[in-house]
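Reviewing the structure listed below.
Just so you know, these numbers come straight off a predicted model, no measurement behind them.
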Amino acid sequence: MGSTSAENHGGVGRRSLIKRSAALGLASVPAMSFLSACASGGGDGQDKAKAGKKTAKNPLGVNDTAQMEFVLFDGGFGSEYAKDATEIYQKNFPKAKVKFTTTQKIQSTLQPRFNQGNPPDLIDNSGAEQMDMGVLVGKNQLADLTPLLDAPSYDDPSKKVRDTLRPGIVEMGQFDGKPVWIFYYAYTVYGVWYSQKALDALDEKYPETWDEMIKVCTKAKAKGMAGWTYAGKYPYYLPFSLYPMIGKVGGREVLDAIDNLEPNAWKHPAVKACFEAYYELYKKGFILKGTPGLDHIQSQTAWAKGNALFIPNGSWVENESANVIPKDFDLAVSAPTGLDSSDKMPFGTIWASGGEPFIVPAKAANTEGGMEQLRIMLSEASSKNFTAKVKSLTAYNGGTTGIDLTPGLKSGVAALEKAGTNVVNPRMQDWYVQLQKEKIGVSGLGEMMAGRATPAETIKKIQGFADEAAKDTSIKHYKHQ
């Protein structure tokens, strides 16, 4: 998800879905429209740039006179890091025209161009209008990025690009088989974010068991602070802490079964226990009043102002909320609280993975140029530039030497070190975007956390959604290998 920070979708019933979509400016872009658009196979396409000569400095054979067009999602990470990288491309290929634009409306801006067969060369496919990655892959809309991964790295020709990346990045871009369709540029730590200063003021440590969580929230409530808030309009933020909690309680295999759309996966006892734990936050009045009506920015602002102690989020929150987080906030992130000592995985089990998905369309005029732009972004200098400017790690395995790490980033690195090998990576949000956001998120978890559905009702509803997706022959299905 990366800086998937302007959000979307769904509701209970068609009327509710239309209302919510309209409120988010998506009524003119129905969720299924991109499915049908891709299914049509697109237009006749555009003329491909002739391949350039492969050299040590140009290992991908970029045409040095061809235009390179890059469309970036304008979200929590901003655009400066990418603009800086395009300037390096321009310097390396001075005869080429570089067209760089930003938008928060990826789907409505680019869907017509996919239909016409003239998409840009590189896209940061993120945000509320993120194009469904599973659909793009299933309809052969993307270029295989293996040539980029096998090319010499920007800094050290003796190393391939793939050898400079953090573990799991290549695998995340694979849907089935060896081709790599998506490159996740940011490295995101998901979890429960909080102010260490606020926690210290309660004379408490971060809770490791659910009994401890209830105790901390009770103390916070007594002092006029809600225990939790979240992006109520976009409740698919809740899985950032809920999914790894399910994995911690029941083991990785529970999350894999959910991703694989296996029958009754959502009826596992670990899911039931975790749903009931989160519902307890609502029942005991630990959720900030009005949270179901807040978007991501509003909930983050309320949290930063000290109205709530905990918020589920990704590591982009430090940059996205920089203008409202007080200097003495002492931002921190933790792996989710578990139930108790019977949990299958230890405390510290966290969700961390590639975020901010970049794609090179198969019908782009200059696919080599799009890949070369990514190769530049995976240099140590560009990686450091990103980390220094947006307070987040990149897929490049390094890039922090000499940088003064901000509190949130420092805490994220510490959380990764604590997790060790206990890192989970649910794929629902990559494989089945509509199911994850509209159905599991808004129609399921959103209704439960607003008190409009019980955990049992929510599990039954979500299992129904998953079963529908499993039987839907119009979408491509994926499984953990």
Side-chain angles (χ1 to χ4, degrees), residues 1-2 4 9-10 31-32 34-39 41 107 114 123 125-126 130-146 149 162 165 167-184 188 190 236 239-240 242-244 246-247 250-268 271 351-362 395 423-441 444 462-481:
M1 184 164 278
T4 313
H9 324 28
M32 294 302 291
F34 190 70
L35 285 154
S36 356
C38 285
Q107 183 172 319
F114 270 87
I123 300 167
N125 182 31
S126 196
Q130 179 187 62
M131 294 178 284
D132 191 315
M133 237 83 70
V135 173
L136 288 168
V137 174
K139 300 300 180 182
N140 302 314
Q141 297 285 317
L142 303 183
D144 177 9
L145 300 177
T146 300
L149 297 170
R162 67 170 69 244
L165 305 176
I169 292 294
V170 172
E171 290 76 12
M172 275 197 73
Q174 295 172 322
F175 278 57
D176 49 3
K178 292 184 178 179
V180 179
W181 306 111
I182 301 157
F183 192 89
Y184 290 86
T188 302
Y190 300 100
Y236 43 88
F240 296 157
L242 180 57
Y243 281 0
I246 291 170
R252 296 176 191 272
E253 59 272 19
V254 182
L255 295 177
D256 286 354
I258 287 171
D259 286 341
N260 292 344
L261 303 180
E262 293 177 17
N264 299 318
W266 287 95
K267 296 179 181 178
H268 192 282
V271 177
W351 179 0
S353 64
E356 213 60 16
F358 283 76
I359 55 176
V360 174
V423 175
V424 296
N425 184 12
R427 300 305 304 277
M428 185 65 67
Q429 67 178 17
D430 311 315
W431 291 351
Y432 307 106
V433 175
Q434 186 189 10
L435 173 61
Q436 167 73 4
K437 290 188 172 182
E438 295 178 10
K439 297 181 177 179
I440 295 171
I462 290 176
Q463 185 62 61
F465 291 144
D467 292 342
E468 286 172 9
K471 294 172 185 172
D472 188 345
T473 57
S474 72
I475 59 176
K476 188 171 174 64
H477 297 105
Y478 304 98
K479 290 191 182 296
H480 286 274
Q481 300 299 312

Got a sec, which residues hit salt bridge (Lys or Arg N to Asp or Glu O under 4.0 Å) with Lys476, two or more places apart in sequence or on another chain? Asp176
Residues which pass side chain to side chain contact (heavy atoms under 4.5 Å, CB included) with Ala362, listed by chain and number, not counting sequence neighbours: none
Applying side chain to side chain donor-acceptor pair (under 3.5 Å), can you list everything that pairs with Glu262, at least two apart in sequence or on another chain? Asn260
With sequence neighbours left out, the residues meeting salt bridge (Lys or Arg N to Asp or Glu O under 4.0 Å) with Arg427 are Asp430
Test your reading of the model: is there a side-chain donor-acceptor pair from Gln130 to the backbone of Asn125, 3.5 Å cut-off? yes
Would you please name every residue forming a side chain to side chain donor-acceptor pair (under 3.5 Å) with Tyr243, sequence neighbours left out? Gln436
Can you sort out the partners of Asp467 under side chain to side chain donor-acceptor pair (under 3.5 Å), two or more places apart, ordered by chain and number? Gln463
Are the side chain of Tyr190 and the backbone of Asn425 linked by a donor-acceptor contact shorter than 3.5 Å? no
Hits for side chain to side chain contact (heavy atoms under 4.5 Å, CB included) against Pro263, two or more places apart or cross-chain, chain-then-number order -> none
Side chain to side chain contact (heavy atoms under 4.5 Å, CB included) against Val170, all qualifying residues, sequence neighbours excluded: Leu149, Arg162, Leu165, Gln174, Val180
Taking the side chain from His477 and the backbone from Ala469, do they hold a donor-acceptor pair closer than 3.5 Å? yes
With Glu468 via side chain to side chain contact (heavy atoms under 4.5 Å, CB included) - residues at least two apart: Lys439, Phe465
